[in-house]
Amino acid sequence: MSPARIAIGQYVPVDSPVHRLNALAKMGLVAAFTAALFLVHGFAGLAAAGAVLVAAIALSRVPAAAAARGVSAVAVIVAFTLLANGLRWRPATALVRVGPLALDAAGLRTGSFFALRILLLVIATTLLTLTTSPVEITEALERILRPLRPLGVPAGELAMTLTIALRFVPTTAEETERIVTAQSMRGARLDSGGPLARVRAWVPVLIAVFFNLFRRADDLAVAMESRCYHGGEGRTSMRMSKMRSADWVALLAGASMLIAMGLML
Amino acid sequence: MRNPRVLTMVETALCVALAVVLARIVVFEAPQGGAVSLEMLPIMVLALRRGARAGIIGGMLLGVALLIFKPVTVHWAQVVLDYPLAFGVLGITALGSRAWRAAVAGGPTAAAVWTVIVPSCVLGGLARFVPHFVSGVIFFGQYAPKGQPVMLYSLLYNGGYMLPATLLCAAAAALLLPALERAVPAAGRA
């Protein structure tokens, strides 16, 4: 690992109508968008979905480059989809031939359709995390899980655990980075040698990181207990996220439009 | 003495935070180009120290956290299969939890490391591989032309990074856990 900063999180904190929309409504819209992508029959449907996505990105005021950041992670999958569908072994007709392999027009069209669908899906989910803070997503998840409480699902406990986890990601990243730098200055070779040698070099770093982690857990548990936290039912929240009527309108109108688009195009 | 429920919840949260950080650190580049990290290690450690409930909850929340921080979704089923489910079943590592705690009570030995930690971690890694494999079969079944060996594709794609990641995490857990038990013992804190 290089001592460069460990980049965590993608949320872009700007004020926009998309940012102001409740996380639950945004998650519902992304689900409807996904359903629409799997319902469309042809390129016209994908073009319409792409136009909706471009409008949403423009409305969100996040840089287009940030929205497209997730695309690099699926480059191999997109390339596979294109080639697996487009390449043929000695076909009768072909666009380009390289030895016995050839690019087939119909296969390439199918591959492009699938590849475009993947790209739109990745950009849509990236846009959700670019415009919604992790805490808002956690609150929305708690709300989604709340109906499962009678079945024994500890919705409140899960949400609290995730909230603490997300809160401590930057702190843990900074601490890990500090220990990595300290070990590197002592001559530890964390990014050279075979896999087992690297793991062995990482162990002193991990021992220090885990040691601090369990110590911090002790302190945090004491702090929470001394403030009478006991988990379970009846816990209130300082900040309550509520679905306003504008959120409901955006969710219902947007989801209906997307599903109709998926069915018609 | 802490309230065990609160302490376990906080330890779970902090292990999830550490796993998110470790997910961003590439320890080793696999031969086919996949990045291998130690993201599973905190959940494996948590499962062995605190048992199945903490391991499964920690794993599921890690899946959700990774979905929040770096979502890569190429088909709908993947949202559940590749994230909360795959990391949740990593909690199966806790099958060795009781044996490890018994070994710790009597002083951890090299034999306990090889007979408890390593097999438990490998089992946890294998359990995580299953949902990824199913997700891969669905993905390749949907996007590859008919008649292609989708199971083989999924096996190669997912096995390519899961096998080295599991072995590296098992090795790291074997080196780490005995030292960790001496420094911050799990028993007596909750």
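Here is the naming used below: chain letters follow the sequence lines, and residue numbers restart at 1 for every chain. Just the heavy atoms: all of them, side chains too, but no hydrogens, waters or symmetry mates, feed the values below.
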Practice task
Specify which of A/Ile164, A/Val199, A/Ile137 makes the most heavy-atom pairs with chain B at under 4.5 Å.
Solution key: A/Val199
Problem - Residue part contacting chain B, namely of A/Pro154, when any heavy atom lies under 4.5 Å - result: side chain
Exercise for the section: Using a cut-off of under 4.5 Å on heavy-atom pairs, state which of B/Leu167, B/Leu41, B/Leu22, B/Val16 scores highest against chain A. Expected result: B/Leu41
Problem - Minimum-distance pair of heavy atoms, taken over all atoms of B/Gln78 and B/Ser135 - result: CG-OG, 3.7 Å
Completion exercise
If one checks every heavy atom of B/Ala179 against chain A at 4.5 Å, the contacting part turns out to be side chain
Fill in the blank from the handout: Interface check, chain B: of A/Thr34, A/Val78, A/Val203, most non-hydrogen pairs under 4.5 Å belong to A/Val203
Practice task
Heavy-atom distances under 4.5 Å only: say whether B/Val79 touches chain A with side chain, backbone, both or neither.
Solution key: neither
Exercise for the section: Could you look at B/Cys15 and say if it's the side chain, the backbone, both or neither that has a heavy atom under 4.5 Å from chain A? Expected result: both
Handout entry: Minimum-distance pair of heavy atoms, taken over all atoms of A/Gln183 and A/Val205
Key = CG-CG2, 3.5 Å
Problem - Aromatic plane relationship, A/Phe80 with B/Phe140 - under 30° parallel, 30 to 60° tilted, over 60° perpendicular - result: perpendicular
Exercise for the section: Look at the side chain of A/His19 and the backbone N and O of A/Ser133, then say whether any donor-acceptor pair between them is shorter than 3.5 Å. Expected result: no
Problem - Side-chain touch B/Ile57/B/Met9, heavy atoms, less than 4.5 angstrom - result: no
Exercise for the section: Heavy atoms only: give me the nearest B/Pro119-B/Val113 pair and the separation to one decimal. Expected result: CD-O, 4.5 Å
Exercise for the section: Below 4.5 Å from any heavy atom of chain A, which atoms of B/Leu62 appear? Answer side chain, backbone, both or neither. Expected result: neither
Practice task
Check the side chains of A/Thr110 and A/Asn85 for a donor-acceptor pair under 3.5 angstrom, ignoring hydrogens and angles.
Solution key: no
Practice task
Go through the atoms of A/Arg167 and report whether side chain, backbone, both or neither lie under 4.5 Å from a heavy atom of chain B.
Solution key: neither
Exercise for the section: Count the heavy-atom pairs under 4.5 Å between each of A/Ile207, A/Leu162, A/Leu121, A/Val74 and chain B, then report the option with the highest count. Expected result: A/Leu121
Handout entry: Interchain contact, A/Val76 with chain B, by part (heavy-atom threshold 4.5 Å)
Key = neither
Handout entry: Side chain / backbone / both / neither for B/Leu168 at chain A, heavy atoms under 4.5 Å
Key = both
Handout entry: Side-chain ion pair, A/Glu157 and B/Arg53, N-O less than 4.0 Å
Key = yes
Problem - Student check: side-chain heavy atoms of A/Asn212 and A/Ile179 closer than 4.5 Å - result: yes
Practice task
Mind ranking A/Thr129, A/Thr138, A/Thr161 by heavy-atom pairs under 4.5 Å with chain B and telling me who comes out on top?
Solution key: A/Thr161
Handout entry: A/Leu83 portion near chain B, given a 4.5 angstrom heavy-atom threshold
Key = neither
